[in-house]
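Down below is the structure, laid out as structure tokens.
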Amino acid sequence: MEKQELIDKAFEAMKNSYAPYSRYHVGAAVLTKDGTVFKGTNIENASLGATNCAERSAVFAAYSNGCRKDDIVALAIVSDGDQVCAPCGICRQVLSELINQDTPIYLSNGKEEVDMTIYRLLPMQFGLKDVIR
Ligand code: THU
């Protein structure tokens, strides 16, 4: 699957965004080795801390369906903001454990595109290696 196709899937997911508080809409799409795409969007809550971000929704959907990090070949994250959506700190922490360090992460807002990896977004990581000794 082409990069642009995965980005388009993330924009499709963004249409399902539930964001009555921020009105900031985010979509994400995880591509797996067998070509399956898992979509996710941001889902807000009146108890704001209960909000789930788009990229976590998408990666959790992939894991919920039996995928693990080696199955994930790319992740697209899109928003309707003026800048591309830089993943929040909680998402960086989650992605650092659930996808590979060099897996391409495509950020887009339809005007600008940035290619990232989780290693570049979060270089000094606290992870499994620190907790499981
Ligand atoms: N949001 C995401 O979906 N992903 C991020 O990495 C940044 C923030 C969402 C959460 C919330 O619904 C809205 O954007 C504003 O913070």
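First listed ligand is number 1; within each ligand, the first listed atom is number 1. Each residue takes its place number in the sequence, starting with 1.
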Under 3.5 Å, is there a donor-acceptor pair between the [X] and [Y] side chains?
{"X": "Ser17", "Y": "Asn42", "answer": "yes"}
{"X": "Thr117", "Y": "Gln101", "answer": "no"}
{"X": "Asn109", "Y": "Ser79", "answer": "no"}

Point to revise | Protein residues having a heavy atom less than 4.0 Å from any atom of ligand 1 | key: Ser22, Tyr24, Val26, Asn42, Glu44, Thr51, Cys53, Ala54, Glu55, Cys85, Pro87, Cys88

Point to revise | Asp70/Lys33 salt bridge by N-O under 4.0 Å criterion | key: no

Review point. Do Glu97 and Lys69 meet the salt-bridge criterion of a basic N to acidic O distance under 4.0 Å?
Key: no

Check your understanding: Got a sec, which pairs hit salt bridge (Lys or Arg N to Asp or Glu O under 4.0 Å) with one end in residues 124-133, sequence neighbours left out?
Key -> none

